[in-house]
Amino acid sequence: KRIENQTNRQVTYSKRRNGLFKKANELSVLCDAKVSIIMISSTQKLHEYISPTTTTKQLLDQYQKAVGVDIWNSHYEKMQEHLKKLKDVNRNLRREIRQRMGESLNDLGYEELVNLIEDVDSSLSLIRERKYKVIGNQIETSKKKVRNVEEIHRSLVLEFDATHYGLIENEGDYNSILGFPNRGQRIIALRLPTHPDDHHPSLHSGGGGSDLTTFALLD
């Protein structure tokens, strides 16, 4: 009777299967017989043995020939029916493509022509929508690139200005020196220390108490 315990049942199945395959192999080798065994377990696992000198299809063909039946006939008929449906679908699609290109319109009635026009308009609207979306994405990407380039340009301008104006601090005779060269005459501005007894206001450019003095430098 059926083994109720699932683990014991699987162990027994594995042992008996291996023993059966071993006997089938002995029968195939010793007696030069063509043996095929197909087994499906309770867990839907397939196990198969076939003699080394043949294949499962060859053995099934010999079986059909021996018993006079065609086990492939029903399967072949189903395949032929499926192939016919696929050919019909392919033919209809080709006809629709030709009609959308303005061909094969003579056999269409008024309602069919109206439906074709509506389908074409719907397709065109969908194509335009997708194209506009692509163009919009490209525009946004271009704008981002332009903003990035402008930001880089501003950073370079600031860096350029910083490298052409230098400030040197000195706690000695001069409080600070500011120099800014250009293509023509070079100018240097000196901020001199202010003393109460300073009697030379002419050295200062402002004259009104300013201690910033500029000097033109020779090239």
Side-chain angles (χ1 to χ4, degrees), residues 2 6-7 9-10 13-14 17 21 34-164:
R2 180 177 179 268
Q6 183 178 1
T7 302
R9 187 168 61 245
Q10 289 297 115
Y13 173 82
S14 178
R17 181 196 66 214
F21 285 178
K34 297 178 180 179
V35 183
S36 176
I37 300 177
I38 298 176
M39 303 177 63
I40 300 178
S41 68
S42 58
T43 57
Q44 304 303 313
K45 290 184 178 180
L46 175 65
H47 302 90
E48 179 182 13
Y49 171 83
I50 186 70
S51 297
T53 59
T54 186
T55 63
T56 301
K57 183 180 184 304
Q58 291 175 349
L59 204 59
L60 289 174
D61 290 340
Q62 290 183 356
Y63 170 80
Q64 292 182 102
K65 185 178 181 180
V67 300
V69 297
D70 187 359
I71 61 177
W72 306 111
N73 187 45
S74 59
H75 184 64
Y76 176 77
E77 290 178 353
K78 290 181 180 179
M79 291 181 61
Q80 288 295 322
E81 183 178 355
H82 183 63
L83 179 61
K84 183 177 180 300
K85 291 181 179 179
L86 292 178
K87 287 183 177 180
D88 292 339
V89 172
N90 183 63
R91 182 169 56 255
N92 293 334
L93 289 175
R94 289 181 177 273
R95 184 177 65 252
E96 290 181 4
I97 292 174
R98 290 195 301 270
Q99 291 173 354
R100 288 175 181 268
M101 297 179 65
E103 303 174 0
S104 303
L105 302 177
N106 295 332
D107 297 335
L108 295 179
Y110 176 76
E111 293 183 357
E112 293 176 333
L113 285 174
V114 172
N115 293 333
L116 178 61
I117 293 173
E118 292 178 352
D119 291 340
V120 172
D121 291 340
S122 177
S123 299
L124 289 175
S125 299
L126 181 61
I127 293 173
R128 290 193 188 98
E129 181 180 355
R130 292 180 178 177
K131 187 63 177 179
Y132 291 155
K133 185 177 181 179
V134 172
I135 294 175
N137 293 336
Q138 292 176 348
I139 292 175
E140 289 298 325
T141 302
S142 300
K143 288 181 178 179
K144 291 180 180 179
K145 291 181 179 179
V146 170
R147 288 194 294 267
N148 292 336
V149 172
E150 291 176 347
E151 184 66 25
I152 293 174
H153 177 263
R154 285 193 295 270
S155 299
L156 291 175
V157 170
L158 293 176
E159 183 179 355
F160 178 81
D161 292 340
T163 56
H164 282 68

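When a residue number appears, it is its place in the shown sequence, counting from 1. As a basis for the values below, the full set of heavy atoms in this structure was taken, side chains included, without hydrogen atoms, waters or symmetry mates.
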Looking at Gln80, I'd like to know if its CD atom is crowded, meaning that more than 12 non-hydrogen atoms belonging to other residues, nucleotides or ligands lie closer than 6.0 Å.
yes

Regarding Lys85 and Asp88, does a basic nitrogen lie under 4.0 Å from an acidic carboxylate oxygen?
no

Give a yes or no on this: more than 12 heavy atoms of other residues, nucleotides or ligands lie within 6.0 Å of atom CE of Met79.
no

Drop me the distance from Ile38's CD1 to Leu59's CG, to the nearest 0.5 angstrom.
9.0 Å

Short question: side chain of Ser122, backbone of Glu118 - any donor-acceptor pair under 3.5 Å?
no

Show me the donor-acceptor pairs, under 3.5 Å and distance only, between side chains in residues 124-136 and residues at least two apart or in other chains.
residue : atom : partner : partner atom : Å
Ser125  : OG   : Asp121  : O            : 3.0

Hey, could you give me the OH/NE2 distance between Tyr13 and His47, rounded to the nearest 0.5 Å?
5.0 Å

Look at atom CZ of Arg94 and say whether more than 12 heavy atoms of other residues, nucleotides or ligands are closer to it than 6.0 Å.
no

Quick one: which residue pairs count as a side-chain hydrogen bond (donor to acceptor under 3.5 Å, both in side chains) with a foot in residues 49-69, not counting sequence neighbours?
Asn25-Tyr49, Ser28-Ser51, Glu48-Thr56, Thr54-Gln58, Lys57-Asp61, Asp61-Gln64, Asp61-Trp72

side-chain hydrogen bond (donor to acceptor under 3.5 Å, both in side chains) partners of residues 144-157, not counting sequence neighbours, each pair once:
Glu151-Arg154

Inter-residue atom distance Thr43.OG1 - Gln10.CD, 0.5 Å rounding
5.0 Å

